[in-house]
Structures are given as structure tokens and as C-alpha cells.
Peer 1: 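If you scroll down you'll find the structure; I have some questions about it.
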Amino acid sequence: MKIIISALDGLSWGLGALILVMLFTGGKILHLEHAKIEFSSLDAWVWVWLALLVTRWRIGGRQISPVWLFFKNHLDEIWTRPDRSSRKAGWAAGLLMLALFVAHVFKHYNGMTHAYDVTFIHQALFHWISGPVLKCDLCDGGTYLGEHLAFTLIPLGPIASIFRGFFWRDAWIFFLQFVIFLSPVYYLWKKGPWKKEVPEAALLVCLIFFSHRAVRGNLIWDFREDHIAFGVFCLAILSLFQGRIFLYAAWAILAAACKENIAMILPFLAAPILFEKTLPLSALQRKLLASTTVVVSFIYLAIAFRYLIPIFNPIPGTNEIAVRLHTLGSTPAEILINSLTSPSRVLKLLSGIFTFEALKYLVLLLGPWFYFSRKAWIWWIPALPGIGMNLISGAGTQRSLNFHYEAIILPFLLTATLLGIQQIARKQWALGLAFALAFSSRWPGHYLQEYWPDPRKWAQTHALDIRTDPGVSVAASLEELAHLNQMRELKIKTTE
């Protein structure tokens with residue numbers, strides 16, 4: 001038995017070291033002749049490591065593995081020293097953000113972006129008042145508003161257009177994306193759910209936050225109005241915990257202006273407004289705020305679907321919501337009416353969510369933060385409509401966690417996680433972090449390796465990016481158009 005225990009300890013030490021290497025460097029994928037070995041995704045390796053620790057505990061007479069004690073004691077020492085935790089969190093957050101930003105820039109200038117991902121937004125921002133508002137030659141109606149009612153992009157137009165004539169113009173928008181997405185998270189943590197500042201949890205919050213693959217996916221993927229919605233939701237939640245009702249109302253209105261589907265999410269905020277005990281609101285304030293949020297959301301939803309969407313996109317059957325929810329109707333108005341009056345259509349649509357793919361999506365979405373967020377599950381309720389939209393969509397990309405589709409879900413899961421950390425004993429934090437790592441997949445070092453600059457591709461994109469004559473009309477492939485966002489007139493080059 002001692003030999004088995006020693007073997008398990010040796011394997012645990014070795015595997016723990018491998019996990020740390022993958023965490024810090026991104027690991028490596030070994031490609032064999034007929035297979036590959038994944039040394040970059042943490043998921044399987046962390047689960048095997050935890051299984052070894054549990055096995056050792058069971059056959060060792062419930063004696064805790066020295067490997068786990070080393071891991072836990074080292075973290076507990078950090079938790080008990082606020083200055084050390086804050087300092088390490090600052091370094092970790094800075095390095096993770098830098099790695100993700102650099103990887104994003106590498107991806108773009110390596111020619112690995114697409115016009116329907118980049119040009120949609122970038123041309124709209126660079127030429128926000130050139131003809132139609134948020135001009136977009138690839139969008140229905142010639143404006144990005146024909147794709148989505150993203151009115152909050154308009155104020156960013158003057159900021160983005162400052163750099164329209166520079167080579168790094170697209171990187172500037174990526175920088176704005178990082179600021180918009182990450183700054184509200186910092187303020188939500190520092191001044192939000194916690195009644196007092198808890199600097200000893202700084203490193204834990206940092207690692208838990210970046211452990212979610214959807215967080216990293218939102219930062220590696222290209223800028224969308226969903227990133228603005230994420231930041232605005234964080235600030236709206238912060239206002240609730242500060243008891244600043246009118247500021248919350250302002251943020252909620254701004255959130256609705258981010259995208260037409262946000263008004264479907266806002267009514268579900270009524271649940272935490274009514275039942276979250278830590279909010280500094282009276283019973284009357286809770287009822288008024290919850291009811292007002294619901295009523296105003298439905299009013300805006302009706303106006304948006306009945307009038308605003310047809311104004312900016314009069315072409316039937318091309319609206320993004322109509323395409324994804326075609327079972328409920330061919331226009332946004334039909335979808336809204338049928339969702340309220342036709343239970344059979346709704347049930348037919350919902351039947352598609354009972355699949356293995358849907359279960360996998362839920363596990364990967366909720367898993368990283370579940371250990372902590374379960375303690376404040378009331379905040380899961382406003383996350384449900386966003387989750388539902390992704391599950392019922394016919395587009396598999398909405399369930400891959402690699403794009404922007406979780407941005408409207410994460411603020412509520414993050415709030416639940418922050419509240420849960422406060423409610424769970426400090427001695428259990430290490431276990432919660434281990435579970436988060438077990439769902440975390442590939443860390444930023446992997447993206448740096450994957451998108452490392454190729455001189456030939458950078459030369460090709462540079463040749464496109466130096467075109468600065470806005471009066472020229474350009475026809476190019478979708479990959480080339482991703483680097484011609486500064487041009488005023490763009491067309492997709494077709495082949496006969």
C-alpha cells in the first residue's frame with residue numbers, strides 16, 4: 001500500500017508541475033502521425049490530478065495528500081496577507097490582459113480575421129457619420145443599425161475615427177474593447193457586492209475571472225456591441241449595490257440601447273432586485289424599481305421590434321433575430337407576438353435545447369464559477385434569457401464560448417461569484433480555484449503561440465492597411481476587407 005501511495009504522490013507532484021507549466025506558458029500540442037496529445041488545455045489534466053488526490057485520500061486512510069497540502073497552504077498564506085494578494089493580483093491581471101491583447105493583435109495582423117467579424121464594426125466606427133449613421137457597406141441597409149440596434153456605438157465613433165489614418169487603427173479599437181470590458185469589472189469588485197473591501201481575495205478574484213473561457217474568448221474575439229453591454233450591466237449592478245436608483249436607471253436605459261435583445265434580459269433583473277438581501281433598498285424601492293424595469297423593457301422591446309428594426313433594415317427575413325428564431329416567425333414583430341400567443345411554437349423551439357451539445361454548453365458555461373456562484377443563485381435568473389437565446393439558436397457558434405455571445409450573461413454570473421466568495425470560508429477558496437481551473441481550457445500563452453507573427457502575412461496585411469485614400473472604392477475578398485476598414489466604400493470581390 002505504501003508503494004501505491006508513494007506512486008500516487010509522485011504522479012500528483014509531476015502532474016501538478018505540468019499543470020503549472022501549461023498555466024504559465026500555454027503548453028503545447030504534440031502532433032503525431034495519426035493523433036495529437038493536448039498539453040495546452042488544462043481541463044483533462046486538472047481532473048486527472050484531482051482524481052489522483054481523491055484516490056490517494058481514500059486508500060490512504062483519509063489522509064490528505066501532501067501535494068494538496070502544499071498547494072492549499074501556499075494559497076492560504078497568500079489569502080492571509082492582503083498586501084501580498086493584491087500585489088500578486090496586480091501582476092497576474094496585468095500579464096494576462098497584456099497577453100490576451102497582444103494575441104488579439106497578432107491574430108488580426110496575421111490575416112486570421114474576417115470582414116464579417118471586423119469590418120462590420122470598424123468601418124461603422126471609422127465612418128460613423130459618412131452617409132448613414134454607422135455606415136457599413138456589408139450590412140443590410142448600409143448601416144450597422146440594420147444588423148443590430150447598437151446605438152451605443154455612435155458615441156465611440158469620434159474616438160475611433162481619430163486613428164482612422166494610422167496603421168494600428170484596428171488595434172486602437174481592440175484597446176477600446178479591453179478598456180470597456182475590463183474597467184467595469186474592477187469597479188464592480190472594488191465597490192460592488194462586498195460590504196467592505198477584501199484585498200486578501202484579490203488574487204482569487206483575478207484567477208477565477210480569467211479562468212472562464214468565455215471571458216478570454218470575449219477578449220480574443222473582435223469588438224462587438226455586446227462588450228459594451230457587458231460593461232454597462234456591470235455598472236448597473238454596481239449602482240444597485242450602492243443604492244443609487246437613478247444611476248441604475250440610466251445604466252439600464254443605456255444597456256437597452258446596446259442591442260435589441262437586451263430588453264429581453266432586463267425584466268429578469270427584477271428577481272435579484274426583489275430578493276437580493278444585500279441590496280441597500282427598502283421594500284417599496286424594490287417593488288417600484290423591479291416593476292419599472294419590467295414595464296419599460298417591454299415598452300422598448302415593442303417599439304424596437306415594431307418600428308426601429310424595420311426602419312434600419314426594411315428587407316424581410318434578414319434581421320439577425322428573425323434568422324436565428326425563424327421557428328417563431330419571419331419578422332421581429334411576428335416573433336414577439338408568437339412568443340406570447342403561440343405556446344406550441346415556443347415548445348417546438350425549446351425542444352431543440354435537450355441535446356448533449358446543450359448540456360455540454362451549460363457545464364462549460366456554469367462550471368468555472370459554480371463553486372462560488374451557487375451561494376448567490378438568485379443572480380443566475382437574469383442570466384437565463386441570454387443562455388436561452390444561445391441554446392435555441394440554430395448557430396452553433398453561439399454555444400462555442402469562443403465569441404461574444406456570453407458577454408450579456410457573464411455580468412450576472414460574475415456578481416453571483418463575487419457574492420459567493422464572500423459567503424464561503426477562506427479555507428475553502430483553494431478548492432473553488434481548483435474547480436475553476438478544471439473548466440478553464442487554454443490560457444493566454446497558448447494564444448500567443450497560435451497567433452505568433454508570420455512575417456509574410458504581416459507584410460500582406462500591411463500592404464492593405466497603408467491604403468488611406470478614403471475616396472477610392474475597393475472590392476476585395478472577405479479576408480482582405482478586414483484590413484481595409486478605413487476605406488469609405490467597400491465591396492465584396494466575387495469570382496465568376
Peer 1: Got a second to check how far L235's CG is from K191's NZ, nearest 0.5 Å?
Peer 2: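 Going from the CG atom of L235 to the NZ atom of K191 covers 12.5 Å.
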Peer 1: Could you check if a side-chain atom of Y300 sits within less than 4.5 angstrom of a side-chain atom of V295, using non-hydrogen atoms only?
Peer 2: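 With C-beta onward as the side chain, the pair stays apart.
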Peer 1: Find out whether the Lys NZ or Arg CZ of K427 is both under 6.0 angstrom from the six-membered ring centre of W79 and within 45° of the ring's axis.
Peer 2: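 No, cation not above the ring by the 6.0 Å, 45° rule.
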Peer 1: Please determine whether the number of non-hydrogen atoms from other residues, nucleotides or ligands lying under 6.0 Å from atom CZ of F298 exceeds 12.
Peer 2: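 Check fails, neighbour count at 12 or below.
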Peer 1: By side chain to side chain contact (heavy atoms under 4.5 Å, CB included), which residues pair with S211, not counting sequence neighbours?
Peer 2: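 Only P368, W369, A436, S440, W443 meet the side chain to side chain contact (heavy atoms under 4.5 Å, CB included) criterion with S211.
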Peer 1: Taking all heavy atoms of W429 and all of A201, pick out the closest pair and write down the distance.
Peer 2: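 Minimum heavy-atom contact is CH2-CB, 3.7 Å.
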Peer 1: Under 30°, 30 to 60°, or over 60°: which ring-plane class applies to W380 and F370, parallel, tilted or perpendicular?
Peer 2: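 Correct class here is tilted.
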Peer 1: Return the set of residues passing side chain to side chain contact (heavy atoms under 4.5 Å, CB included) with A99 (not counting sequence neighbours), or none when no residue passes.
Peer 2: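 For A99 the side chain to side chain contact (heavy atoms under 4.5 Å, CB included) partners, ignoring immediate neighbours, are P444, L448.
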Peer 1: For L401 and H212, which heavy atoms make the closest approach, and how far apart are they?
Peer 2: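 Closest approach of L401 to H212: CD2-CE1, 3.9 Å.
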Peer 1: Let me see the working for R84 and E200 under salt bridge (charged side-chain N to carboxylate O under 4.0 Å, His left out), right down to the final yes or no.
Peer 2: CA-CA 8 Å; R84 190 177 180 188; E200 59 266 29; over 6 Å; no
Peer 1: Could you report the tightest heavy-atom contact between W128 and P158, atom names first, then the distance?
Peer 2: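 Scanning both residues, the minimum pair turns out to be CZ2-CG, 3.3 Å.
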Peer 1: Counting the benzene-type ring for Trp, do F412 and F233 have ring centres under 6.0 Å apart?
Peer 2: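 Centroid distance F412-F233: below 6.0 Å, so yes.
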Peer 1: Report yes if some heavy atom in the side chain of R213 is under 4.5 Å from a heavy atom in the side chain of D43; otherwise report no.
Peer 2: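 Yes; the side chains approach each other to less than 4.5 Å.
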Peer 1: For the residue pair A407 and N218, what are the closest heavy atoms and their distance?
Peer 2: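 Shortest heavy-atom separation between A407 and N218 comes out as CB-OD1, 3.5 Å.
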Peer 1: Quick one: CD1 on I303 to CD1 on I309, what's the gap to the nearest 0.5 Å?
Peer 2: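 Going from CD1 on I303 over to CD1 on I309, the span is 12.0 Å.
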Peer 1: Just do the side chain to side chain donor-acceptor pair (under 3.5 Å) check on H108 and D170 with the steps written out, would you?
Peer 2: CA-CA 8 Å; H108 179 64; D170 293 320; 2.9 Å; yes
Peer 1: Is there a side-chain contact between K107 and D222 (heavy atoms, below 4.5 Å)?
Peer 2: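 Yes, at least one pair of side-chain atoms sits under 4.5 Å.
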Peer 1: Would you compute the distance between atom CG of L289 and atom CG of L274 and round it to the nearest 0.5 angstrom?
Peer 2: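 Going from CG on L289 over to CG on L274, the span is 9.0 Å.
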Peer 1: H227 side chain to R224 main-chain N or O, any donor-acceptor pair under 3.5 Å?
Peer 2: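 Indeed, once roles are kept as given, a pair shorter than 3.5 Å links the two residues.
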Peer 1: Relative to each other, are the rings of Y447 and Y451 parallel, tilted or perpendicular (30° and 60° limits)?
Peer 2: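 Plane angle under 30°, so parallel.
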Peer 1: Out of N402, D117, T113, D226, which one pairs with W221 under the side-chain contact (heavy atoms from CB on, under 4.5 Å) rule?
Peer 2: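 Among the candidates, only D117 passes.
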Peer 1: Nearest 0.5 Å, what's the CD1-CZ distance between I311 and R306?
Peer 2: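 Between atom CD1 of I311 and atom CZ of R306 there are 10.5 Å.
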Peer 1: Does anything in residues 172-188 pair up under side chain to side chain donor-acceptor pair (under 3.5 Å), and if so which pairs, sequence neighbours excluded?
Peer 2: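 Residue pairs passing side chain to side chain donor-acceptor pair (under 3.5 Å), neighbours aside: none found.
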Peer 1: Might you work through the side-chain contact (heavy atoms from CB on, under 4.5 Å) test for L204 and F372, ending with a clear yes or no?
Peer 2: CA-CA 11 Å; L204 175 67; F372 296 106; 4.2 Å; yes
Peer 1: State which residues pass side chain to side chain contact (heavy atoms under 4.5 Å, CB included) with F241; sequence neighbours excluded, sorted by chain then number.
Peer 2: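 Per chain and number, F241 pairs via side chain to side chain contact (heavy atoms under 4.5 Å, CB included) with P193, I237, E276, T278, L279, W379, T415, L419.
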Peer 1: Under the 3.5 angstrom rule, does the side chain of R216 hit a backbone N or O of F210 as a donor-acceptor pair?
Peer 2: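 Checked: pair present.
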Peer 1: Kindly indicate, with the supporting measurements, whether the criterion side chain to side chain donor-acceptor pair (under 3.5 Å) is fulfilled by E406 and Y361.
Peer 2: CA-CA 11 Å; E406 284 71 37; Y361 173 74; 2.8 Å; yes
Peer 1: Let me see the working for Y116 and F120 under ring-ring contact (aromatic ring centres under 6.0 Å, His included), right down to the final yes or no.
Peer 2: CA-CA 6 Å; Y116 288 136; F120 262 29; 5.3 Å; yes
Peer 1: Are L413 and L365 side-chain neighbours, meaning at least one heavy-atom pair lies under 4.5 Å?
Peer 2: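 They are in contact (side-chain heavy atoms under 4.5 Å apart), so the answer is yes.
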Peer 1: Under 3.5 Å, is there a donor on one side chain and an acceptor on the other for Q123 and D137?
Peer 2: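 A donor-acceptor contact under 3.5 Å links the two side chains.
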Peer 1: Go through it in stages, so that I can follow the logic: the residues are N485 and T119, the test is side chain to side chain donor-acceptor pair (under 3.5 Å), and I'd like the CA-CA distance, side-chain angles, deciding distance and then a yes or no.
Peer 2: CA-CA 6 Å; N485 309 302; T119 307; 2.9 Å; yes
Peer 1: Using 0.5 Å steps for rounding, measure from the NZ atom of K375 to the OG atom of S373.
Peer 2: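 The NZ atom of K375 sits 11.5 Å away from the OG atom of S373.
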Peer 1: Any donor-acceptor pair under 3.5 Å linking the side chain of S291 with the backbone of L288?
Peer 2: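 Checking the backbone N and O of L288 against the side chain of S291, a donor-acceptor pair under 3.5 Å is found.
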Peer 1: Could you check, using the six-membered ring where one of them is a Trp, whether F439 and W47 have ring centers closer than 6.0 angstrom?
Peer 2: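 F439 vs W47: aromatic centres under 6.0 Å.
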Peer 1: Ignoring hydrogens and geometry, is there a side-chain-to-backbone donor-acceptor pair from T80 to E77 under 3.5 Å?
Peer 2: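 Judged by distance alone, yes, a pair lies under 3.5 Å.
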Peer 1: With ring-ring contact (aromatic ring centres under 6.0 Å, His included) as the test, would you mind laying out the steps for H122 and Y144 before giving the verdict?
Peer 2: CA-CA 10 Å; H122 290 213; Y144 189 73; over 10 Å; no
Peer 1: Does a side-chain heavy-atom distance below 4.5 Å link F181 with M97?
Peer 2: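 No, side chains not in contact.
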Peer 1: Can any side-chain N or O of S161 pair as donor or acceptor with the backbone N or O of R164 at less than 3.5 Å?
Peer 2: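 Absent.
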Peer 1: Between M22 and S41, is there a side-chain heavy-atom distance shorter than 4.5 Å?
Peer 2: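 No, their side chains stay 4.5 Å or more apart.
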Peer 1: How about F175 and W168: are their ring centres within less than 6.0 Å of each other?
Peer 2: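 That pair fails the under 6.0 Å test.
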Peer 1: For H104 and F223, I'd like to know if the aromatic rings sit close, meaning centre-to-centre distance below 6.0 Å.
Peer 2: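 Ring centroids of H104 and F223 are no less than 6.0 Å from each other.
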Peer 1: Mind listing the closest non-hydrogen atom pair of M264 and F305 along with its distance?
Peer 2: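 Nearest pair, atom of M264 first, then F305: CE-CZ, 3.3 Å.
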Peer 1: For V296 and L266: C-alpha separation, side-chain torsions, deciding distance, then whether side-chain contact (heavy atoms from CB on, under 4.5 Å) applies.
Peer 2: CA-CA 9 Å; V296 173; L266 283 169; over 6 Å; no
Peer 1: Any idea how F435 and Y371 line up, ring-wise: parallel (<30°), tilted (30 to 60°), or perpendicular (>60°)?
Peer 2: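 Parallel: the ring planes of F435 and Y371 meet at under 30°.
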Peer 1: What closest approach, in Å, do E260 and L149 show between heavy atoms, and which atom pair accounts for it?
Peer 2: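 Distance-wise, the nearest heavy atoms are OE1-N, 2.8 Å.
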Peer 1: Excluding sequence neighbours, so at least two apart, what forms salt bridge (Lys or Arg N to Asp or Glu O under 4.0 Å) with E225?
Peer 2: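 By the salt bridge (Lys or Arg N to Asp or Glu O under 4.0 Å) rule, E225 matches K259.
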Peer 1: Ignoring hydrogens and geometry, is there a side-chain-to-backbone donor-acceptor pair from R399 to N390 under 3.5 Å?
Peer 2: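 Such a contact is found between R399 side chain and N390 backbone.
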Peer 1: Working to the nearest 0.5 Å, report the span between CD of E147 and CG of L138.
Peer 2: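 Answer for the CD-CG pair, E147 versus L138, is 9.0 Å.
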Peer 1: For the residue pair V185 and F230, establish whether any side-chain heavy-atom pair is separated by less than 4.5 Å.
Peer 2: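 Sidechains of F230 and V185: in contact.
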Peer 1: Output, in order, the C-alpha distance, side-chain angles, deciding distance and verdict of side-chain contact (heavy atoms from CB on, under 4.5 Å) for I245 and L240.
Peer 2: CA-CA 7 Å; I245 296 175; L240 285 175; over 6 Å; no
Peer 1: Considering residues at least two apart in sequence or located in another chain, which fulfil the side chain to side chain contact (heavy atoms under 4.5 Å, CB included) criterion with S239?
Peer 2: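 S239 satisfies side chain to side chain contact (heavy atoms under 4.5 Å, CB included) with L247, Y248, W251 once adjacent residues are dropped.
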Peer 1: So do L308 and L145 actually touch side chain to side chain, heavy atoms under 4.5 Å?
Peer 2: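 No - every pair of side-chain heavy atoms lies 4.5 Å or more apart.
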